[in-house]
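Chain A is the first sequence line, chain B the second, and so forth, proteins listed ahead of strands; every chain is numbered from 1. Atom set for the values below is all heavy atoms of this structure, side chains included, hydrogens, waters and symmetry mates excluded.
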Amino acid sequence: MPVSSEKGYDHQKIESKWRKVWEKSKLFQGQYLQEQELDEVNSENQRPRSEDRDLPFSHENKCYILPQLPYPSGSGLHMGHSEGYVACDMYARYKRMTGKKVLQAIGWDAFGLPAENYAIKTNVHPRINTDNAIANFREQIKSLGISVDWDREVGSHNPDYYKWTQWFFLLMYKRGLAYRKEQSVNWCSSCKTVLANEQVVDRKCERCDTQVIQKNMEQWYLKITKYADRLSKDLDKVDWPEESIIRQRDWIGRSEGAEIKFSIKGTSKSIKIFGTRADTIFGATFIVLSPENPLVKEITSAKQQKEVDAYINQSSKKTELERIRQDKDKTGVFTGAYAVNPVNNREIPVWTADYVLMSYGTGAVMGVPSHDKRDFDFAGKFNIPIIHVVARSDLLPRSFLMGADDITDEDLKKIGVKISARTKDGDRKIEIPEKSLQKYEKLITEKLIPGYWNEYVGAETVFIFKHKDGSVQRIELTPETEKKIDTLASKFAGENFNNGCVWKWLADNDWYKNVIVHEEYGILINSGEFSGLGSIEGRKKIIEKLESEGKAEFTVKYKLRDWSVSRQRFWGAPIPMVYDSKGDLHPVDEKDLPVILPDDVDFKPTGQSPLTYSEKFQDGVEKKYGKGWHREVDTLDTFMCSSWYYYRYLDPRNDKEFASPEVLKRWMPVDFYIGGPEHVTGHLLYSRFFTKVLYDAGYIDFDEPFLFHRHQGMILGADNKKMSKRWGNVINPIDVVKEYGGDTARMYLMFMGPLTADKPWNTNGVVGVRKFIARLYKLALGNIGKTKAQSPVNLKVLLNKTIKAVSSDCENLKFNTSVAKFMEFVNEWEKSPKGLSLEDLEIFLKILAPFAPYITEELFQKVKEARVDSNADVKNRSSAVNEKVSNGSLKGKDHFISIHVQSWPEYDQALVKDETVDIAVQVNGKLRVVLRDHRVGSLQEEIEKEAKEQVKKHLDGKTPKKVIYIKDRLINIVV
RNA sequence: GCCGAGGUGGCGGAAUGGCAGACGCGCGGGUCUCAAAAACCCGUCUUUAGCAAUAAGGGUGAGGGUUCGACUCCCUCCCUCGGCACCA
């Protein structure tokens, strides 16, 4: 099986050779050192480039490429990550060759729960495990030929890194953005720590899958909510996948609405509700307070006291899960109080129910069952009236004809009334155009059977009662008249009117039910002076009116909550705060950073922070600050470490600043960021928050860190399931690299499909790429021996087309189709007995270089040596390097001309233009014939004549009605 | 329930209004070989007719629409995946 032993192409030998050379010659390094002027080496010597592509540095010319900070887990880099790193690297290599100043770096998100949990299990210090994992990751990254600048490598668990994580915390603290408060938090009883909302997935701990419970605790928070508005709006500034922008916006959950005051009958108290649908206020038939709302206790009547207390008590005991289980089954208790609707003075009952959350809005809502699903369910359960106040703008006044046997369909048709449906009993549902309303009322008045009533629903709901004596009563439905209508209706319908409430009666009619929920773009009905207005306009007018009366104000609310950042764990950056003897908080002085994480800690979880028990940690605190002083013992959420790492890459050894103003200006913001979609509502949000805080504090002059962002898809197992130990379908890139080579692994990862799609791994597919590279190697070696002066025209043309296609694919991250293009070229080349000229071979190697860095370097050096026109110096240097590599004497300062610092080939415009084309001939849009090898730019007459000749039998002797000619592509003859 | 992405051969996928299935895998046949592997060559959406070259028809989740022409644009529905989930 070992393909590596197949004749000719030995990837292990080739790849390990070039890895060594690149590393020793610091091909992709040194930039940082130069920037810091720590190295006197002449940059020409250090980073030799071909021709004059080494453009001076400018902001337009820089390209900061950022692969997502990996979490170095014990099981190593997996295929899913690899795809992101490979894609970044291909882009970086491509950009570098087009003359951009590229910065690509790597680091380690080294703190965190899994390492600590593993440490607990094995009783080995997390630092040891983590450093081992990092060493492993480093090897994996290197084996995939990722061209990062290793001088910039950082690890978040190193004091010179977390010093600045702590600095960021202090910056937040000084700016009033870090604070402590007690509130209900997500608690994982297995990890024994608090979790951020973002770390709770499906109500479970994202790390260990334990059900998360709610617990009241005092915790550190960052006031990210202060930035909610900007975080939401500034998403306009970035080029991210649209769906991710939407997802982050939804997470922030900005919604515009109003706070509206409802006074409480018989008291001077009032309830402030928050709602986005003030337009539906005429439909409010109850108020709901969250059980946690303190107002509940104040307003509850003596009679309801016991019941309400019991309910509050019961709901406080409910876990989050129990509340969810009752999703469909609403619970609640009447408080005995009534609120007064400020728009129509309607008195409506005040309830308390746990479907209203205290943590959002004001902890109180107005219940509008006609236009809100939850209110509808609640009203249904507790028999609360339902008033329809928004109608779809396209629906005419409607009615339902009963007791109207004397009215024929003809009668209705005559006055323009449309029958939209019939019930089983033959009753008719009708639509009444506005202009027919009067005629319709007349018809009803005349022909309705005495003892029946009819109601129609339009801008207002109108009831027409025909008494047994033939007299007619017309009543519009308003809060004032509804009682009267109820009375009449029960008199008329008797037992049939068993709801005893006209609103309920209306809602039970099914066409009414269908429009009961949200209808944003509807027309207000049954809404007094606002009837007839559009929903959005009506909403504005209603709020404005209430505002003028001091009863409402426009408000914006967010779903986003403040970020909980303290963790009762060991393996994280200590929070740089100290408590004095009274328990008051003081920040650690910046010059005393970092607060070192001690190594002498028993990290077994007890629910108390392990640092509580470290003597070393508190050592010297009392001496420095005073008796009774002690350090904060919680550590920071690891997401704080990863919220700013891209700044540290720019200046990783700076011990005065997190990064110098000069390098920040030079490199930021990030031009190209690839990472997983799982970070949209976590890391990406936090990083944007950090950046905005830095901006406000004057450290930077931009307020979005990642201008361009794309997600790599997930690599699934061969069985189409998520790669996981559980399914035994995990593929380790290191195995693939060993067996098939880094070039093959890279190219296959791209070849599998579009970058952003989820794709199953197929080891059989790898073979195809491997064959391609082996074939290329064999072909190229044969070709070099031949040293052709000129490539055959067809190859020359195809080569130029390939350059064009690959260039555009690289710009657009469509690496999958590039790989296909390379294969097509090699297929064609293989068929050509004459082979390629060395010059063209070199060009082909160059465009393949970002994809397959090893094999192209190997072949490029061979071509260089063989090229008759290459200068002796280059040739000598190349051979010298090769020799030094083989005898192991290569030193850092040695250099060679690498393919990876060559300039990207340009294609010849003239050559990519086809001289002949195939023209498709369609008859009635159906393909019939293809005219091969036609001259480019043929006129219609010419083509039409030939086409008609060729498809004669399909024309059936008919004369064409129409001929569509698309130049150089297609002709369609319509008969 | 709501929001988002997607549905194309046996499989991964290509084609963003103009020749559907590029490229690769798999499969079938062949060359080489004592044999096998490797390598290379030919074929491979499907139905019907034909010994065959070939010819005619159908086909991109389903149905409708726009267009000379639709995998591609519009509407309705179905299915899969991801996210959110009492956020008023």
Exercise for the section: Would you classify A:Gly275 as touching base, sugar-phosphate or nothing, given that sugar-phosphate means primed atoms plus P, OP1 and OP2, and contacts are heavy atoms under 4.0 Å? Expected result: sugar-phosphate
Practice task
Decide yes or no, distance alone: a donor-acceptor N/O pair under 3.5 angstrom between the base of B:rC86 and the side-chain of A:Lys330.
Solution key: yes
Practice task
Establish, with yes or no, whether the OP1 or OP2 oxygen of B:rC23 is under 4.0 angstrom from a side-chain nitrogen or oxygen of A:Lys771.
Solution key: no
Exercise for the section: With heavy atoms under 4.0 Å as the rule, sort A:Lys926 into base, sugar-phosphate or nothing. Expected result: sugar-phosphate
Completion exercise
Testing B:rA14, B:rC68, B:rC84 for proximity to the side chain of A:Trp251, the answer is B:rC84
Handout entry: side chain to side chain donor-acceptor pair (under 3.5 Å) evaluation trace for A:Ser315 with A:Asp354
Key = CA-CA 7 Å; A:Ser315 73; A:Asp354 64 7; 5.2 Å; no
Handout entry: Sequence-aligned protein contact record of nucleotides 15-21 of chain B, with B where the base is within under 4.0 Å of a protein heavy atom and S where only the sugar-phosphate is
Key = S--BB--
Detail all sub-3.5 Å separations between protein N/O atoms and N/O atoms belonging to nucleotides 8-11 of chain B.
none

Exercise for the section: Please tell me which of the listed nucleotides, B:rA88, B:rC3, B:rG57, lies nearest to the side chain of A:Arg928? Expected result: B:rG57
Handout entry: A:Lys759 side-chain proximity, nearest of B:rC25, B:rA88, B:rG13
Key = B:rG13
Pairs under 3.5 Å (N/O, protein and nucleotides 4-7 of chain B):
none

Problem - Interatomic distance at C1', B:rG6 relative to B:rU60, whole Å - result: 14 Å
Completion exercise
Residue pair A:Met823/A:Tyr748 against RNA chain B: nearer the 5' end by closest nucleotide is A:Tyr748
Completion exercise
Comparing nearest nucleotides in RNA chain B, the 5'-proximal residue of the pair A:Thr362, A:Lys821 is A:Lys821
Handout entry: Flag for A:Tyr355-A:Asp375: side-chain donor and acceptor within less than 3.5 Å
Key = yes
Practice task
For A:Pro754, answer base if it contacts any base atom (sugar-phosphate contacts may also be present), sugar-phosphate if it contacts only those atoms, and nothing otherwise; contact means non-hydrogen atoms under 4.0 Å.
Solution key: sugar-phosphate
Problem - Presence of salt bridge, A:Glu259 and A:Lys261, under 4.0 angstrom - result: no
Handout entry: P-based separation of B:rC11 from B:rC84 [nearest Å]
Key = 32 Å
